[in-house]
Number of protein chains: 2
Amino acid sequence: MPKVGMEPVRRKALVDAAMRVIGDHGSLTVTMSEIAKQAGVSPALAHHYFGSKEQLLIETVRSHLQRLRDSTVTALRAAKTPREKLSAIIRVSFQADQFAPETIAAWLAFYAEAQRSEETRRFLVIYARRLRSNLLANLKVLCPSEDAERIAEGAAAMIDGLYIRQSLRSAPISIDASIALTEDYINALLAPLPRKAAFQKEQIK
Amino acid sequence: MPKVGMEPVRRKALVDAAMRVIGDHGSLTVTMSEIAKQAGVSPALAHHYFGSKEQLLIETVRSHLQRLRDSTVTALRAAKTPREKLSAIIRVSFQADQFAPETIAAWLAFYAEAQRSEETRRFLVIYARRLRSNLLANLKVLCPSEDAERIAEGAAAMIDGLYIRQSLRSAPISIDASIALTEDYINALLAPLPRKAAFQKEQIK
DNA sequence: TTTTGTTGATTGATCAGTCAATCAAAAATA
DNA sequence: TATTTTTGATTGACTGATCAATCAACAAAA
């Protein structure tokens with residue numbers, strides 16, 4: 001049974017298991033045993049590959065954010081105009097798997113963890129900045145810079161807020177409704193501003 | 001030193017201490033010892049009055065939400081028109097003490113805890129509903145019901161989102177900027193809708 | 001026979017929660 | 001008023017459970 005080249009397989013299995021356990025549990029106070037069991041290995045093996053629980057958790061955040069990033073990149077590539085790119089960013093944020101209760105619970109747990117773990121915090125800051133700057137880059141093509149900054153900030157906050165509120169599972173909002181709410185926001189704030197449609201090529205620079 | 005009637009004093013001291021410790025620590029994984037120490041009593045006393053750690057934590061959430069509620073009620077009373085009341089609700093949400101890093105950290109920890117503790121979840125659901133319904137009641141005076149629902153949902157999400165983002169302390173937004181962003185949202189969505197100013201008296205019903 | 005994968009058993013630390021004992025104020029009694 | 005009794009407040013010391021982390025040992029490939 002024991003073969004060579006197990007390391008990447010086990011690492012992935014453990015990280016995925018961690019994500020699942022955290023999601024179910026709704027908290028980062030999960031045991032290495034639970035994670036290991038879920039991954040079908042012994043707790044000792046988890047320590048063998050990750051050194052510590054904290055490190056495993058950090059890898060789990062990293063992997064989750066990596067996946068989100070990949071989706072975003074793909075979605076952005078598929079969209080043509082800045083306005084379409086904005087919609088793509090929003091759509092990715094509320095993708096079915098991102099919006100599943102367990103994912104939201106895990107996400108929330110990571111945010112809480114970031115208060116204590118500098119490394120976790122760094123990852124989330126990167127995510128927050130990326131979301132904001134993706135929005136900003138495309139908004140700047142559509143309106144003056146100062147307005148773009150405001151709108152990006154507001155849209156990012158709204159996305160995160162819809163997320164958080166979902167975690168309470170009272171009055172759950174559908175994916176479509178969440179997307180509509182965010183689109184509405186952007187449309188409403190963009191409407192009264194001077195258009196910049198003629199300069200859309202600016203996005204290339 | 002030991003006098004009668006200490007119970008309410010101790011309970012308050014412990015709840016306040018818990019809030020402080022949770023805020024500093026940025027997490028609910030705090031020990032009874034820490035809380036008790038912060039309150040200047042022995043851990044045993046904390047158990048004596050609250051029975052369990054969970055119960056103390058729940059009382060802490062309750063107390064925090066109660067204070068927020070009181071502020072809201074006061075602010076709403078002072079505001080006259082529906083539009084002013086909307087601003088009052090927003091202002092309270094971003095009050096200095098609410099927006100302090102420790103308060104935000106504690107708030108976040110409670111949200112995470114709500115994934116596991118049904119009772120904590122109940123409290124937060126009450127808060128979420130109250131925020132939404134306060135906004136809704138006043139919006140309904142200013143625009144058609146369906147629009148009011150949407151806007152209330154969006155504004156509530158934006159408030160919570162600005163909160164969450166603040167917890168990462170990257171690109172911190174000032175209180176004033178947060179208020180402005182939320183006001184902007186309401187103004188922008190209200191602008192193109194049919195006014196209802198003539199029916200402001202409806203708010204009384 | 002060296003390397004890689006794997007685990008069971010164990011250790012050490014941390015904590016929530018318990019308990020018996022102490023102390024001083026209040027209430028009851030003489 | 002003086003005393004005894006009761007009661008609430010308080011703690012130090014302890015217990016039992018949980019868990020992260022370690023390690024020695026073994027199995028199978030290379």
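Just so we're on the same page: letters track the sequence lines, and every chain starts at 1.
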Distance-only, no hydrogens or angles: does the T182(A) side chain make a donor-acceptor pair with backbone N or O of S178(A) under 3.5 Å? yes
Within residues 8-26 of chain A, which residues have any heavy atom lying less than 4.0 Å from an atom of DNA chain D? none
Looking at E183(A) and R83(A), is any side-chain nitrogen of the basic one under 4.0 Å from a carboxylate oxygen of the acidic one? yes
Distance in Å, L136(B) CG paired with R129(B) CZ, rounded so as to fall on 0.5 Å steps: 13.5 Å
For F50(A), give me all partners under ring-ring contact (aromatic ring centres under 6.0 Å, His included), at least two apart in sequence or on another chain. none
By ring-ring contact (aromatic ring centres under 6.0 Å, His included) - contacts of Y185(A) (at least two apart): Y185(B)
So which of residues 113-121 of chain B are in contact with DNA chain D, with a heavy-atom cut-off of under 4.0 Å? none
Mind calculating the distance between CZ (F50(B)) and P (dT10(D)) to the nearest angstrom? 13 Å
Listing request: all salt bridge (Lys or Arg N to Asp or Glu O under 4.0 Å) pairs with a residue in residues 37-46 of chain B, at least two apart in sequence or in separate chains. none
Those residues at least two apart in sequence (or on a different chain) that pass side chain to side chain contact (heavy atoms under 4.5 Å, CB included) with A180(B) are none
Let me have the donor-acceptor pairs involving side chains of residues 41-49 of chain A, under 3.5 Å, with sequence neighbours excluded, atom names and distances please.
from   : atom 1 : to     : atom 2 : distance (Å)
S42(A) : OG     : A44(A) : N      : 3.4
S42(A) : OG     : L45(A) : N      : 3.3

Using atom names, set out every protein N or O paired with an N or O of nucleotides 15-18 of chain C below 3.5 Å, distance rounded to 0.1 Å.
from    : atom 1 : to     : atom 2 : distance (Å)
dA16(C) : OP1    : V30(B) : O      : 3.4
dA16(C) : OP1    : K53(B) : NZ     : 3.0
dA16(C) : OP2    : M32(B) : N      : 3.0
dG17(C) : OP2    : H47(B) : NE2    : 3.2
dG17(C) : OP2    : K53(B) : N      : 2.7

Please list all pairs passing the salt bridge (Lys or Arg N to Asp or Glu O under 4.0 Å) test where one or both residues lie in residues 115-125 of chain A, with sequence neighbours left out. E113(A)-R116(A), E118(A)-R121(A)
Ion pair R150(A)/E153(A), N-O distance below 4.0 Å: no
Take the C1' atoms of the five end pairs on each side of the helix from dT1(C)-dA30(D) to dA30(C)-dT1(D), derive the two axes, and give their angle rounded to 10 degrees. 10°
Atom NZ of K37(A) to atom P of dC19(D): distance rounded to whole Å? 12 Å
Is Y49(B) near enough to dG8(D) that one of its side-chain N or O atoms lies under 4.0 angstrom from OP1 or OP2? no
Restricting to pairs with a member in residues 157-171 of chain A, which pass salt bridge (Lys or Arg N to Asp or Glu O under 4.0 Å), not counting sequence neighbours? D160(A)-R165(B), R165(A)-D160(B)
Do S71(B) and R67(B) get their side chains close enough for a donor-acceptor pair, meaning under 3.5 Å? no
Tabulate below the donor-acceptor pairs under 3.5 Å that side-chain atoms of residues 15-27 of chain A make, not counting sequence neighbours, or state none.
from   : atom 1 : to     : atom 2 : distance (Å)
D16(A) : OD2    : K12(A) : NZ     : 2.7
R20(A) : NH1    : Q38(A) : OE1    : 2.4
S27(A) : OG     : T29(A) : N      : 2.8
S27(A) : OG     : T29(A) : OG1    : 2.8

Nucleotide dT3(C), atom P - distance to CD of E7(A) in whole Å: 16 Å
